[in-house]
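Residue numbering restarts at 1 for every chain, and letters A, B, ... go by the order of the sequence lines. Predicted model only: the values in this text are computed from it and were never measured.
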Number of protein chains: 2
Amino acid sequence: MSETLNLTRNQELVLKALLHSQGPLSAYQILDELRGEGLRAPLQIYRALDKLRDRKLVHRIETLNAFVACSCHADHAGETVAFAICEACGKVEEFSDEALQKRIGAWTREHDFLPARTTLEIKGLCAACH
Amino acid sequence: MSETLNLTRNQELVLKALLHSQGPLSAYQILDELRGEGLRAPLQIYRALDKLRDRKLVHRIETLNAFVACSCHADHAGETVAFAICEACGKVEEFSDEALQKRIGAWTREHDFLPARTTLEIKGLCAACH
DNA sequence: CTCCGATATGTTATGACATTACATTTATGT
DNA sequence: ACATAAATGTAATGTCATAACATATCGGAG
Ligand SMILES: [Zn+2]
Ligand SMILES: [Zn+2]
Ligand SMILES: [Zn+2]
Ligand SMILES: [Zn+2]
């Protein structure tokens, strides 16, 4: 699977670290996990993350300064991706809500604002934690 | 006006710095503006910001690591506050959309997620910049 | 008024997150 | 084989935020 993605060694290592994690990881946490593989500097992680984010294989959680592997079931074409973040167990659920996007689109049209990227992060307690 | 808010000296200085600014300011930018008033350390700014944020007089823009004075026309009671951020001129428009909140509420109910705080930031170009 | 607890302040040091700059290596297409 | 673009390695630095501790100010109970 990763083979078909033509990832470089560093990119593949970073992606696997995120896939194996239960929750979001900071760049420095990823680095610590990959020191055994020979990675030493933060920049090696950030560069891999940048490429993975370009390809929507990884997302950044702005409110946590951390990263998650994409768990999208559908495609990312033009979608606004949102996250529900449990403050108890740390799990992050990625989702994309059609109606929500429509509402955001309605606001931007009404206010003549040309949107480029939308960040939507909801913090609270997941079903298992309340 | 600020007098009726019973702000301390540092809080009032920080709030005024944000009110006089055209766009969001980082804590360190605020500090630089207030060195003339005798402030020297980042913590003095962060402490004032914390109090101002508690009282919803200031909001943090997560995607910019920066802060803005509240420009809310209505009250903040239970509202989700959102921001439209112009990437050309830097202006930030604060808003609160009832329908949007309803949609977010619908998603969280459907997924049995108990929301605490929502962050919604839209980056793009404002009416004046496109 | 005096004491006391709560809140705010001042200062230094440190921790956490991210990028610049530059040299080197590896992949790709002609 | 060569030229070019992409990726990597490394060190230093920049930016954002908090910990720890000492001091000062405010406000109410006695
Ligand atoms: Zn995704
Ligand atoms: Zn949970
Ligand atoms: Zn506001
Ligand atoms: Zn603009």
Side-chain angles (χ1 to χ4, degrees), chain A residues 2-18 21 23-55 57-68 85 90 92 117 119 121 123, chain B residues 2-18 21 23-55 57-68 85 90 92 117 119 121 123:
Chain A
S2 337
E3 297 78 31
T4 80
L5 293 171
N6 284 120
L7 297 177
T8 66
R9 168 173 157 83
N10 287 3
Q11 289 163 19
E12 190 166 334
L13 286 170
V14 168
L15 181 56
K16 279 186 177 158
L18 287 173
S21 166
L25 294 176
S26 75
Y28 280 72
Q29 286 175 320
I30 296 169
L31 176 57
D32 285 341
E33 298 218 349
L34 296 180
R35 286 195 191 279
E37 302 289 345
L39 299 209
R40 298 154 200 272
L43 192 50
Q44 295 176 293
I45 309 300
Y46 283 110
R47 285 201 279 227
L49 286 170
D50 285 345
K51 293 298 179 187
L52 293 167
R53 289 171 67 195
D54 285 347
R55 300 177 63 174
L57 298 173
V58 163
H59 303 293
R60 174 180 164 81
I61 309 295
E62 298 289 343
T63 57
L64 297 177
N65 293 338
F67 304 85
V68 291
I85 304 159
V92 171
R117 282 170 305 290
T119 299
E121 299 176 10
K123 291 207 184 166
Chain B
S2 338
E3 297 77 32
T4 79
L5 293 172
N6 284 121
L7 298 176
T8 66
R9 169 175 158 83
N10 287 3
Q11 289 162 20
E12 190 167 332
L13 287 170
V14 168
L15 180 56
K16 280 185 177 159
L18 287 174
S21 166
L25 295 176
S26 75
Y28 280 73
Q29 287 175 319
I30 296 170
L31 176 57
D32 285 341
E33 298 219 349
L34 296 180
R35 287 195 191 278
E37 303 288 343
L39 299 208
R40 296 152 200 272
L43 195 48
Q44 296 177 291
I45 309 301
Y46 282 109
R47 286 201 278 228
L49 286 171
D50 285 345
K51 294 298 180 185
L52 293 167
R53 290 171 67 195
D54 286 347
R55 299 176 63 175
L57 299 173
V58 164
H59 302 294
R60 175 181 164 80
I61 309 294
E62 298 290 341
T63 56
L64 297 176
N65 293 338
F67 303 86
V68 291
I85 303 159
V92 171
R117 281 169 307 289
T119 299
E121 300 176 10
K123 291 207 183 168

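Projected onto DNA chain C by closest heavy-atom contact, A:Ala66 and B:Gly38 fall at different nucleotides, the more 5' of which corresponds to B:Gly38. Ranked by how close their nearest DNA chain D nucleotide is to the 5' end, B:Leu43 and B:Leu64 are led by B:Leu64.
For the OP1/OP2 pair of C:dT11 and a distance below 4.0 Å, the side-chain nitrogens and oxygens of B:Arg40 include at least one atom meeting the criterion. In this model, the phosphate group of D:dA17 is approached by a side-chain N or O of B:Arg60 to a distance below 4.0 Å at OP1 or OP2. Residue B:Gln44 has a polar side-chain atom (N or O) positioned under 4.0 Å from OP1 or OP2 of C:dG10. The phosphate of C:dT26 (OP1 or OP2) has no side-chain N or O of A:Thr8 nearer than 4.0 angstrom.
Considering only side-chain atoms of A:Lys51, the nucleotide from D:dA7, D:dC16, C:dT11 that sits closest is D:dA7. Distances were taken from every side-chain heavy atom of A:Gln11 (C-beta onward) to each of D:dT8, C:dT19, C:dT9; the shortest belongs to D:dT8.
With rounding to whole Å, B:Ile45 atom CD1 is found 13 Å from D:dC16 atom C1'. Rounded to whole angstrom, the span from the CG atom of B:Asp32 across to the P atom of D:dT15 amounts to 10 Å. For A:Asp50 and C:dA18, the CG to C1' distance is 10 Å, given to the nearest whole Å. When rounded to the nearest whole Å, the span between CD1 of B:Ile30 and C1' of D:dT15 equals 14 Å. Between the P atom of C:dC17 and the CZ atom of A:Phe67 lies a distance of 10 Å, rounded to the nearest Å. As rounded to whole Å, 12 Å separates atom C1' of D:dA11 from atom CZ of A:Arg47. Between the C1' atom of C:dT24 and the CG atom of A:Asn10 lies a distance of 15 Å, rounded to the nearest Å. Between B:Ile61 atom CD1 and D:dC16 atom C1' there is a gap of 16 Å when expressed in whole angstrom units.
Nucleic acid contact for B:Ala41: base, since at least one base atom lies under 4.0 Å from a heavy atom of the residue.
Only one option out of A:Val92, A:Ile61, A:Leu64 pairs with A:Glu121 in a side-chain contact (heavy atoms from CB on, under 4.5 Å); it is A:Ile61.
By the 5.5 angstrom centroid cut-off and the 30-degree plane limit, A:Tyr46 is classified as not stacked against the base of C:dT19.
Atom CD of A:Gln11 sits about 10.0 Å away from atom CG of A:Asn6, to the nearest 0.5 Å. Note that the CG atom of B:Asn65 and the CZ atom of B:Arg60 stand 5.0 Å from one another [nearest 0.5 Å].
For the residue pair A:Thr119 / A:Glu62, no side-chain donor-acceptor distance below 3.5 Å is found, with atom types taken as modelled.
Residue pairs satisfying the side chain to side chain donor-acceptor pair (under 3.5 Å) criterion with at least one member in residues 32-50 of chain B, sequence neighbours excluded, are listed as follows: B:Asp32-B:Arg35.
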